[in-house]
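Heads up: the structure comes next, in structure tokens.
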Protein chains: 2
Amino acid sequence: MTASAARTEPRPAPRKRAGNGAARPNDADEIGLDALVGHAGYAVRRFQIWIFQDFIKTLGEVDIKPTQYSVLTVIGANPGLSQMAVAKRLGIERARLVHLLDSLEQRKLVKRVKSKADRRSHALHLTAPGETALAKFKRLAAEHERHVVEKIGKENRERLLQILAGFT
Amino acid sequence: MTASAARTEPRPAPRKRAGNGAARPNDADEIGLDALVGHAGYAVRRFQIWIFQDFIKTLGEVDIKPTQYSVLTVIGANPGLSQMAVAKRLGIERARLVHLLDSLEQRKLVKRVKSKADRRSHALHLTAPGETALAKFKRLAAEHERHVVEKIGKENRERLLQILAGFT
DNA sequence: CGGCAATTGTTGTCGTCAACAACAATCTTC
DNA sequence: GAAGATTGTTGTTGACGACAACAATTGCCG
């Protein structure tokens with residue numbers, strides 16, 4: 001079944017082997033990606049999966065996920081923001097932010113204060129334990145960032161941040 | 001968004017507390033991200049959202065999404081692969097691939113051929129219309145890639161691909 | 001001043017997606 | 001041949017984004 005009978009088709013030319021550089025050892029299998037390599041979106045997606053998994057693992061002991069961390073960071077840096085402002089800044093739906101804040105408020109990290117200027121909106125603040133907790137989260141996030149450096153190198157990480165600076 | 005949405009901030013000086021200690025609500029765009037800038041994961045996530053949206057929009061007329069495109073590309077470059085092999089190569093669950101292939105098979109782009117060597121598995125092939133369709137998808141994907149170049153620049157895109165080459 | 005549109009937070013639905021668990025059919029190994 | 005692993009499949013769960021609808025409140029405009 002190996003040599004002759006396996007292929008049901010005469011195999012229409014093994015596609016161009018994209019000879020950029022030299023013979024690179026294909027790690028896992030010998031399955032070619034063809035046009036997929038060279039697509040920025042594919043590379044970015046794979047990298048994003050890796051980096052999020054590492055973040056979640058590194059911040060696992062405090063049970064904080066990337067989105068929660070971003071919300072806490074923005075509130076910590078800009079106390080008194082409304083939910084609308086936070087949602088817009090982070091690019092998340094305000095409907096989604098409701099649940100995120102419900103969770104963070106239950107954990108006593110964030111409090112919603114009724115705004116006097118606009119009684120429709122809530123002013124968001126970190127609680128006292130929220131402040132100290134965020135400090136710890138930031139230490140763990142820095143550790144995660146160190147993992148990124150180990151993975152792609154210090155200069156590459158900085159170049160990456162520079163290239164993507166326009167999207168933050 | 002388009003080109004000039006970039007903040008014209010000349011240098012990356014670490015912004016401590018944006019001096020909005022007063023209770024005055026911020027003017028929308030002036031919300032500081034504090035520690036969030038400098039996190040690779042955040043930048044990558046935002047970029048990935050942008051790039052996927054552009055891909056979906058550019059390939060909208062043929063109704064092909066990034067994951068579908070990756071599946072078609074891998075099958076096209078490696079005819080006869082099993083579902084397990086495709087799933088492993090692309091890092092998607094084999095349970096998820098079932099639905100993806102159901103959809104692609106309904107659209108007559110892909111066919112599952114019962115393998116004679118291993119009757120548990122299916123050998124995946126593009127149909128004849130699937131081949132021509134994929135050619136068109138690749139042209140559209142190339143157009144999408146041109147949008148990426150317009151957004152971040154030619155050298156930056158290549159540097160990005162180089163940095164993230166290890167994740168493909 | 002009064003009414004009407006817009007905004008804010010909230011709830012709910014829908015569709016996508018990843019992560020599992022369970023299962024039948026089949027292969028592999030002993 | 002029996003036990004265990006693999007492959008495709010189905011189903012469930014939870015996170016997530018996109019929307020729509022709603023009450024309370026604010027802003028606007030005649």
Side-chain angles (χ1 to χ4, degrees), chain A residues 1-2 6 29 41 45-46 48-53 55-57 59-60 63-71 75 80-106 110-124, chain B residues 25-28 41 45-46 48-53 55-57 59-60 63-71 75 80-106 110-124:
Chain A
M1 66 175 184
T2 33
D29 299 323
R45 170 176 165 265
R46 299 298 294 251
Q48 205 242 349
I49 290 172
W50 179 87
I51 208 169
F52 265 51
Q53 280 176 347
F55 187 100
I56 291 170
K57 198 172 98 183
L59 294 241
D63 191 28
I64 286 290
K65 279 174 296 180
T67 312
Q68 296 175 307
Y69 180 76
S70 69
V71 170
I75 295 176
L81 281 187
S82 71
Q83 301 186 191
M84 197 57 209
V86 171
K88 207 177 297 183
R89 186 62 189 89
L90 290 176
I92 55 189
E93 295 278 319
R94 67 185 200 272
R96 165 128 188 75
L97 187 60
V98 171
H99 301 296
L100 285 169
L101 289 174
D102 286 349
S103 163
L104 294 175
E105 204 172 24
Q106 264 183 339
V110 166
K111 55 186 168 187
R112 292 186 242 222
V113 182
K114 282 192 284 187
S115 167
K116 295 174 183 174
D118 186 340
R119 282 158 54 209
R120 292 171 302 182
S121 66
H122 293 159
L124 300 174
Chain B
N26 271 334
D27 286 327
R45 170 177 165 265
R46 299 297 294 251
Q48 204 242 351
I49 290 172
W50 178 88
I51 208 170
F52 264 52
Q53 280 176 348
F55 187 99
I56 291 170
K57 199 172 95 182
L59 293 241
D63 191 28
I64 287 290
K65 278 175 296 182
T67 312
Q68 295 175 308
Y69 180 76
S70 70
V71 170
I75 295 176
L81 281 188
S82 71
Q83 300 185 192
M84 198 57 209
V86 171
K88 206 177 297 179
R89 186 61 189 89
L90 291 177
I92 54 189
E93 296 277 320
R94 67 186 200 272
R96 165 130 186 73
L97 187 60
V98 171
H99 301 295
L100 285 169
L101 289 174
D102 285 348
S103 162
L104 293 175
E105 203 172 24
Q106 264 183 341
V110 166
K111 56 186 168 186
R112 290 188 244 222
V113 181
K114 282 192 285 187
S115 167
K116 295 174 183 175
D118 186 342
R119 279 157 55 209
R120 294 171 300 182
S121 66
H122 294 158
L124 301 175

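To find a chain, count down the sequence lines: A is the first, B the second, and so on, and within it residues start at 1.
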Students often get this wrong, so: under 4.0 angstrom with heavy atoms, is A:Gln68 touching a base, only sugar-phosphate, or nothing? nothing
How is A:Gln83 classified with respect to the nucleic acid when contacts are heavy atoms under 4.0 Å: base, sugar-phosphate, or nothing? sugar-phosphate
Starting at [atom1] of [X] and ending at [atom2] of [N], how long is that distance when rounded to a whole Å?
X	N	atom1	atom2	answer
A:Met84	C:dA6	CE	C1'	12 Å
B:Leu100	C:dG15	CG	P	17 Å
A:Leu124	C:dT8	CG	P	13 Å
B:Ile92	C:dT16	CD1	P	15 Å
B:Leu97	C:dA19	CG	P	14 Å
B:Arg120	C:dT28	CZ	P	6 Å
B:Glu93	C:dA18	CD	P	8 Å
A:Gln53	C:dA19	CD	C1'	11 Å

For [X] and [Y], which heavy atoms make the closest approach, and how far apart are they?
X	Y	result
A:Ile56	A:Pro66	CG1-CD, 3.8 Å
B:Gly41	A:Ile51	N-CD1, 3.6 Å
A:Arg45	B:Phe52	CD-CZ, 3.6 Å
A:Ala87	A:Leu97	N-CD2, 3.8 Å

Selection from C:dA6, C:dA19, C:dA18 that lies nearest to any side-chain heavy atom of B:Arg96: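 Among the listed nucleotides, the one closest to the side chain of B:Arg96 is C:dA18.
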Here's a test of your reading of the structure: between A:Ile49 and A:Arg94, which maps to the more 5' nucleotide of DNA chain C? A:Arg94
Find which nucleotide of DNA chain C each of B:Gly91 and A:Asp102 is nearest to by heavy atoms, and output the residue with the more 5' nucleotide. A:Asp102
Relative to the 5' end of DNA chain D, which residue comes earlier, B:His99 or B:Arg45, by the nucleotide with the nearest heavy atom? B:His99
Residue whose closest nucleotide on DNA chain D lies nearer the 5' end, A:Lys116 versus A:Pro66: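 The residue closer to the strand's 5' end, by nearest nucleotide, is A:Pro66.
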Counted 5' to 3', the first and last nucleotides of DNA chain D within 4.0 Å (strictly under) of a heavy-atom of chain A are D:dA15 to D:dT26
Under the criterion side chain to side chain contact (heavy atoms under 4.5 Å, CB included), I'd like the reasoning laid out for B:Leu124 against B:Gln83: C-alpha separation, chi angles, the key distance, then a yes or no. CA-CA 7 Å; B:Leu124 301 175; B:Gln83 300 185 192; 4.0 Å; yes
Return each pair, listed once, that meets salt bridge (charged side-chain N to carboxylate O under 4.0 Å, His left out) where at least one residue sits in residues 90-106 of chain B; pairs must be two or more places apart or across chains. B:Asp102-B:Arg112, B:Glu105-B:Arg112
If you compare every side-chain N and O of B:Arg119 against the phosphate oxygens of C:dT26 (OP1, OP2), does one of them come in below 4.0 Å?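 For C:dT26, OP1 or OP2 has a side-chain N or O of B:Arg119 closer than 4.0 Å.
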Of all residues at least two apart in sequence or in a different chain, which pass the salt bridge (charged side-chain N to carboxylate O under 4.0 Å, His left out) check with A:Arg46? none
